[in-house]
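One structure is given below, represented as structure tokens, and several questions about it will come after.
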Amino acid sequence: MSILRHSARRFVRALHTSNATVNADEIAHFSRLSSQWWDHQGEFSFLHKMNPVRVQFIRDKLLEIAREENDDLDIQPTHVLRDLDVLDVGCGGGLLSESVARLGARTHGVDASESNISIAKVHASADPKLSPPSPFLSYEHTSAESLLTSPKRYDVVCSMEVLEHVDNPASFLSTCATLVKPGGHLFLSTISRTPLAYALTIFLAEDVLRKVSSGTHTYSKFIKPNELIEFFQNYRDPKVRGLIYNPLLARWHLAARDAWGGTDCNYLFWVRKPALESGDGSAAS
Amino acid sequence: MLLLANPRRNAFNCAGVWRKRLSTINNTKINHEDCDIVIVGGGPAGLALAAALGSSPSLRRNLSITLVEGGDLKKAEGWAPIPGSFSNRVSSLTNTSQTFLKSPSIQNCIYHILLTSTTGIGVWGHIDEARTCGIDEMQVWDGISGARIAFSASELNLEKPELGMARLTENFNLQRGLLRRLKDLPEVRLLQQTKVKSIVQDVEEHRQWPLVYLENDRVLRARLLIGADGFNSPVRAYANIPSFGWSYDTQAIVATMTHPPRGAFEGPNTTAYQRFLPTGPIAFLPLSPTASSLVWSTKPQLAAALLACEPPVLASMINAAFRLPELSVRYLHTRILEAQLSGTPITPSEIQQEISWREQSHSIDQHSIYASANAAATIGMPLEGSEAVPPLVTTLQPGTVASFPLRLNHAEAYIGEGLGARTALVGDAAHTVHPLAGQGLNMGLGDVESLARCIENAFLLGGDIGSHTALLPYAQDRYLENHILMATIDKLHKIYSTDLQPIVWARSVGLEVLNELDSLKAAIMLTAGSRTDDAQRTSATAWNVVAKGVETLVAAADASKILAGGLQNLLSSNLQRLLNTEGAPGQQKRV
């Protein structure tokens with residue numbers, strides 16, 4: 001018995017939780033879940049494969065802007081995220097947060113699920129480049145709304161595959177937009193409300209292939225690209241890019257700009273907050 | 001500034017505790033070094049991978065790259081051959097491989113370098129090009145029927161036909177070039193004369209990263225461990241990746257052959273020759289006007305008997321193997337084996353006598369190109385059709401005769417999973433192939449190019465380069481392509497080396513031979529790496545065409561149209577059996 005307790009204590013310390021009263025069983029539970037979030041061939045394999053494409057969208061958009069603004073074509077893609085403050089809302093197991101942190105951004109991942117945050121922390125601690133006290137990556141169990149009370153604002157706010165899960169999308173979008181510094185960027189990814197999206201993400205993925213747990217998605221919560229664009233009508237020139245899965249290559253890729261039907265299922269959204277605060281997204285009707 | 005918010009201060013306070021904990025583990029238990037990439041094996045594939053990774057500015061500046069080699073690389077680095085002498089291990093580098101080894105093209109030097117592939121790793125400038133030889137033409141023929149095809153660089157629609165179809169290069173020359181290139185890349189760490197003692201999984205901290213224990217008690221913890229460690233790959237064993245294959249019951253004899261230069265009216269010595277004998281193919285690969293390299297695949301007992309004779313016997317037999325009808329070559333083989341068994345190996349004069357006698361019985365004119373003792377061949381007007389056979393070998397360069405067994409082996413995966421995660425295989429660790437199409441090293445270099453590009457792409461998108469997601473494009477890119485190529489080469493070997501009577505008969509009367517040779521031609525043409533531009537995708541498709549050609553042969557569809565009913569079944573069932581028996585019975589095994 002004492003041996004058990006001893007090893008459990010070691011285990012707890014090894015997991016570097018900030019809370020000394022954390023239950024060893026819980027930690028073990030998180031570790032089990034962690035291996036699922038980070039099982040590249042398991043339930044989250046679609047997300048793992050999607051991740052590089054999401055990073056590419058973010059990186060290339062920032063690169064495009066940086067080159068335009070500085071009139072300098074020599075800015076390298078690996079440099080654009082360096083030293084930016086990035087907030088990842090709904091970070092889950094930390095797939096996007098880790099990648100963005102590796103590209104040099106000071107990344108803060110938040111998630112409403114405490115277990116997700118524990119999972120993300122455990123996984124990051126295994127990577128010598130991201131493990132604490134790395135200045136590049138931190139996690140916090142909180143909601144986006146509660147961050148509003150802190151004065152901290154971010155150069156880039158990302159919220160990937162979250163919008164279709166929240167109860168009040170308008171309020172969520174306003175919160176995200178408020179957390180962006182003036183002149184900063186908001187990146188979202190979500191699923192459009194189309195028959196195609198229903199067929200692929202719910203009928204095929206959940207019901208037929210059972211690649212994704214049943215009940216993961218609800219059709220009525222899906223949001224169309226135009227609805228997002230309309231929401232941010234006071235912002236200049238929002239952009240939408242389709243995200244297409246090629247089952248033959250088992251790879252995601254960005255749809256060509258303005259490809260017909262490209263944004264009918266998964267898509268990425270980018271908008272830039274005006275440098276002078278003329279509206280913070282609450283302009284939504 | 002970092003610690004504004006309370007929850008974060010907590011996080012960092014605890015991080016301090018964590019750090020201490022980590023360091024106690026380090027001090028008391030394993031004193032390991034963290035490496036992003038550890039390559040095991042300093043052969044051509046491993047060195048090329050190190051050079052490719054080091055040639056990417058973003059990778060070499062941001063990742064720690066270490067290559068571990070048990071042997072002494074200084075020997076290859078200081079390789080200084082006597083002019084005119086050549087090493088016996090040569091490889092044919094396709095144009096695709098050469099492009100990869102050259103310098104990055106101007107186009108890539110613009111800022112796009114980070115977005116485009118890692119084409120051009122700056123090695124070619126360090127290779128002594130004067131010691132390499134471009135191949136302009138190939139002559140391939142069937143040992144039994146004599147059906148022949150010839151093809152040249154000019155008919156291959158190459159972008160730069162003057163470069164030839166492929167370039168023969170001593171392996172040492174390439175290895176030395178790679179090591180010289182790595183001298184310019186101090187960021188890439190070479191640990192030579194350092195054997196890997198064992199590879200185990202790091203069980204601390206739920207990491208499951210590979211720990212590489214070195215002989216000198218250093219321990220490297222690898223984010224990504226790459227096995228370029230050859231056929232018996234320890235990395236493959238650690239990753240628990242099974243491999244399948246069989247030995248061919250065939251031994252390859254290699255040697256450097258010297259011969260008189262081609263005459264003034266003949267072309268230069270830039271034609272490669274290959275004759276398919278039932279015992280295996282014999283190839284003549286030019287290196288210089290007066291030196292060429294031999295790769296002779298034959299039965300092990302015959303190889304042993306040939307190697308036991310004095311070198312001039314082997315030289316005479318090489319000349320005979322390219323010239324005499326198959327029947328007589330077989331007779332000479334028997335003669336050598338019998339002499340060997342009786343304990344008195346055949347002497348050079350005895351074998352020359354036998355050859356002359358066979359020539360007389362075949363009514364071969366002593367002044368024709370098929371005569372083996374024609375000393376005057378290079379003076380004055382060349383003999384008619386002199387380009388149909390290679391120059392007469394006069395001597396073998398001392399110390400270059402050697403032999404090794406041939407086998408086919410293919411790993412079931414190129415990247416590790418589960419407990420063997422964070423591993424990838426390249427080169428011979430992933431695949432071993434029959435040398436008849438000269439593809440082994442080119443396949444390895446293809447792996448290297450693809451893996452380096454895959455790692456760079458993942459890195460540029462903030463990926464964990466050791467993860468399955470990051471490495472998957474490499475496996476997708478290479479596995480099927482290599483597999484098709486290997487299957488094609490394997491089937492070609494079997495079709496040509498069979499002595500199953502119906503098939504031999506079909507070949508001897510010319511049935512199917514042209515079809516087969518067309519497949520072979522397509523196969524070897526592709527070894528030219530076809531065009532010098534990015535021909536990778538094209539070549540993959542073309543290999544499919546070749547594979548199809550061979551499959552057609554397997555079905556014996558054409559033969560069946562010509563042959564009468566019963567015979568048709570016999571032939572096709574024999575062909576099927578031949579191609580399904582993977583090596584001799586009992587030899588197929590999983591390694």
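By convention in this document, chain letters (A, B, ...) are assigned in the order of the sequence lines, proteins followed by strands, and residues within each chain are numbered from 1.
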> Counting N and O atoms only, with roles assigned by atom type, does the side chain of Arg59(A) sit under 3.5 Å from a partner on the main chain of Gly462(B), one being a donor and the other an acceptor?
Replying inline: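 Judged by distance alone, no pair lies under 3.5 Å.
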
>> According to side chain to side chain contact (heavy atoms under 4.5 Å, CB included), who are the partners of Cys91(A), at least two apart in sequence or on a separate chain?
In response: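 Side chain to side chain contact (heavy atoms under 4.5 Å, CB included) list for Cys91(A), sorted by chain: Asp88(A), Ser97(A), Asp111(A), Ile117(A), Tyr139(A).
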
> Between atom CG of Asp464(B) and atom CG of Leu130(A), what is the distance when rounded to the nearest 0.5 Å?
Replying inline: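 Spacing of CG (Asp464(B)) from CG (Leu130(A)) equals 8.5 Å.
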
> What pair of heavy atoms forms the shortest contact from Pro128(A) to Trp209(B), and how long is it?
Replying inline: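 Pro128(A) and Trp209(B) have their closest heavy atoms at CD-CH2, 3.4 Å.
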
> Would you say Thr78(A) and Leu460(B) make side-chain contact, with heavy atoms under 4.5 Å?
Replying inline: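 Side-chain contact under 4.5 Å: yes.
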
> Passes side-chain contact (heavy atoms from CB on, under 4.5 Å), Leu461(B) versus Arg102(A)? Steps please.
Replying inline: CA-CA 9 Å; Leu461(B) 292 172; Arg102(A) 272 196 203 93; over 6 Å; no

>> Could you measure the distance from the OG atom of Ser58(B) to the CD atom of Gln76(A)? Nearest 0.5 Å is fine.
In response: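 Answer rounded to 0.5 Å: 7.5 Å.
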
> Tell me, side chain or backbone of Gln41(A) under 4.5 Å from chain B's heavy atoms, or both, or neither?
Replying inline: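 Answer is side chain: those atoms of Gln41(A) sit under 4.5 Å from chain B.
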
> Could you walk me through whether Arg251(A) and Gln476(B) pass the side-chain contact (heavy atoms from CB on, under 4.5 Å) check?
Replying inline: CA-CA 10 Å; Arg251(A) 257 179 236 180; Gln476(B) 288 177 329; 2.8 Å; yes

>> Suppose the criterion is salt bridge (Lys or Arg N to Asp or Glu O under 4.0 Å): which pairs have a residue in residues 47-56 of chain A, not counting sequence neighbours?
In response: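 For residues 47-56 of chain A, and leaving out neighbouring residues, there are no salt bridge (Lys or Arg N to Asp or Glu O under 4.0 Å) pairs at all.
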
> Heavy-atom distance under 4.5 Å between the side chains of Arg223(B) and Lys129(A), does that happen here?
Replying inline: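 Yes; the side chains approach each other to less than 4.5 Å.
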
> Quick one: what part of Asp127(A) sits under 4.5 Å from any heavy atom of chain B, side chain, backbone, both or neither?
Replying inline: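 Contact with chain B: backbone and side chain both.
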
> Side chain, backbone, both or neither: which part of Asp36(B) has a non-hydrogen atom closer than 4.5 Å to chain A?
Replying inline: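 Contact with chain A is through the side chain of Asp36(B) alone.
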
